**Student:** 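Would you mind keeping the following structure in view while I ask a few things?
Note: hydrogens, waters and symmetry copies are ignored here, and every other heavy atom, side chains too, is used. What you are looking at is a predicted structure, and each value in this text was computed from that prediction instead of being measured. A note on names: the letters A, B, ... follow the listed sequences, proteins ahead of strands, and every chain is numbered from 1.
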Amino acid sequence: MNRVLIVDDDVELCELVTEYLTSEGFQVETAPDGPSGLERALSGEHALLVLDIMLPGMNGLEVLRKLRAKSRLPVLILTARGDDVDRIVGLEIGADDYLAKPFNPRELLARARAILRRAQSPLVGAPGSEKVSVGDVDMDPAARVVRRRGEPVELTSVEFSLLELLLRSAGQVITREQIARDVLGRQFFPYDRSVDMHVSKLRRKLGEAPGGGERIKTIRGIGYVFARPSQPWMPTPES
Amino acid sequence: MMLVAATTAFILYIQRDIFVNRWRASMEAALPLYAGTAAQEYAHNNLNALNAYLERLETTSGIHGLFLDAGGMTVTGRSPHLPKSLVDQALSSGKPEFASFGLNDYALMRIAGSQGQNYLFMVRRQRGPENSFLKVRMNVLTWALAALLVSGLICYLLTNYLTRPVLNLRGAARKLAAGDLTARAGPAMGIRHDEIGELVQDFDRMAERIEELVNSERQLISDISHELRSPLARLNVALGLARQRARAEAGAQLDRIELEAERLNELIGKLLTLARMQTASSPPEKEPVDLHELLSEIAADADFEAQERGCGVRLTDVSGLTSTPPSGPRRNGLVLGSTEILHSAVENVVRNAVRYTAPGSTVEITLSCQDGWAAIDVRDCGPGVPEVELAKLFLPFYRLAGARERQTGGAGLGLAIAERAVRLHGGNIQARNLAGSGGLQVEIRLPLEK
């Protein structure tokens, strides 16, 4: 399915983007404001939502929040360049990726394609891939479940793929380019913060490692690594 | 106050002498008269006449007179206990002699009696006002002290009344100058209806006007930039469409359009950043900034970008700085401020360096620590900047003479942003040409918080 919903109050822009994406093989629907956009998004008829954060009235973040309460529809948010707050908060609330306006339509295309590809099939690991465990974190990709010390952890699809990549390569350093390619399904652009954002969100959701310190370490100048714990973690009887 | 105290003491001191000398002068003249008259009255041992005279003298002139024989005793046999030296002196000189002892001043003179024998006439004066000098002195001193305190208090209150509002005004003016546009002098002062009160009111009105003007200008820049984004966004997509449809030959022209659109875009972004920093007097956040991490990130990203031209970016850290000290001895200084703003600043400087450095060369970034300051050094292997233009490098929109034609030039805002950002954090930024190897060195210094 390649239906895309674009929610943006700039009608002319919507027309142009529709034309562009259509000639690239997408089916595009547009909505000019928050409420109607939210309604259409919840219809379940689309594979991707492109959402302008700067919507007047019910603003984009609100739409996103309300959407995420009920749906896992992949979302690409359009932010204002230089406005980091919106971008960070947007990714926090559960956007899969962001793009700053004005954007190069080629980038929009690349990111949209990546998100759709990922939604259709998991990029990391073979279909029906086996469970993987490192320390106190268990992951079952087939069931799309992640547990930390036995407790389930809520992750977005991007975070899930990211964690899977890190767990399967635990102890090895993964570069940001690799993450962009394997998890986001696109090229890593310079000054692109989305990989860092997702990593930091994942960190926060997983919390500290049992012995203290970060589970996902930053290796400066190179990338990230999921640290193998020094002692094996044993589930205690009451947990 | 000092003057009052000094004068009082002086007066008290010389007061005594003035009185005495005046009395003595008058006695010089009057004593022979009194003495002579007394002697006459006493002629023929007429004690009653003498006493009557002495009484008259007392009542009319207030003079205490005594008629004494040559031995210094009264004719009735009482002794005024005059010192022998004074008696001898009077007897020998025949002129009025003076002495002061105890609480009295004495004047003594020899006078001849009706039968030629020697008599002495004495006038005694109790020290009047200054007699109770000793008693009164305490009193006067107390009064003087009281006067001192009261005048001191009055001086203090008066000074306060006048200078405190002036100091208040100065404080508000300084805050305004430093960038706090909400600074006002009125509230701290209360209501006054005099000239100073009016001055403060005028000042506040001026401050309000300035705040209005600056804010509306800032808002204007911000609004313009936002508004410019919409057509730019549409332009970009239209360009994408054009590329989809265009034949190969049009490729170069479309590239050019895209380039210019991108420049417009960057310019808008930078204008917004600059506007945001314009009116701030201190960074919006005051958290510890991990310079090492900041620089590593920027270096990595810039290196990525630089590789397109075959160049590289390398970071060397000799500072020993860290905001989250791991185990082991590390220096404990931090830079407090906004990570985002400093990121902007350094990024602009580094990207500039990458733009101008010679193909195949490496841009060097060095982080070091120099007594209380963190120093970030960015060196490139480019053509450098003419000496006369070094100082102007950080002005907004300032571009080197030849730069407008070159593809590498930006809009001239990057360094202005860097300068403002660094200044916001209490630091400074400088550009120097590197001797020998050529190229430009930009040094950013930021104060470390202990």
**Student:** May I ask you to name which of Glu12(A), Glu24(A), Glu177(A) has the most heavy-atom pairs under 4.5 Å with chain B?
**Tutor:** Glu12(A)
**Student:** How long is the span from the CG atom in Leu99(A) to the CG atom in Leu108(A), to the nearest 0.5 Å?
**Tutor:** 6.0 Å
**Student:** Which of these, Val363(B), Leu440(B), Val313(B), sits in a side-chain contact (heavy atoms from CB on, under 4.5 Å) with Thr357(B)?
**Tutor:** Val363(B)
**Student:** Could you give me the CA-CA distance, side-chain angles and deciding distance for Glu159(A) and His198(A), then say whether side-chain hydrogen bond (donor to acceptor under 3.5 Å, both in side chains) is met?
**Tutor:** CA-CA 6 Å; Glu159(A) 288 162 1; His198(A) 285 296; 5.1 Å; no
**Student:** Using non-hydrogen atoms only, which part of Glu15(A) is less than 4.5 Å away from chain B: side chain, backbone, both, or neither?
**Tutor:** neither
**Student:** side-chain hydrogen bond (donor to acceptor under 3.5 Å, both in side chains) for Tyr20(A) and Asn236(B)? Distances and angles first, verdict last.
**Tutor:** CA-CA 11 Å; Tyr20(A) 187 83; Asn236(B) 270 337; over 6 Å; no
**Student:** Among Leu241(B), Ile268(B), Leu315(B), which has the most heavy-atom pairs under 4.5 Å with chain A?
**Tutor:** Leu241(B)
**Student:** Side chain from CB out, backbone as N, CA, C, O: work out which of these in Glu258(B) comes under 4.5 Å of a heavy atom of chain A, or both, or neither.
**Tutor:** side chain
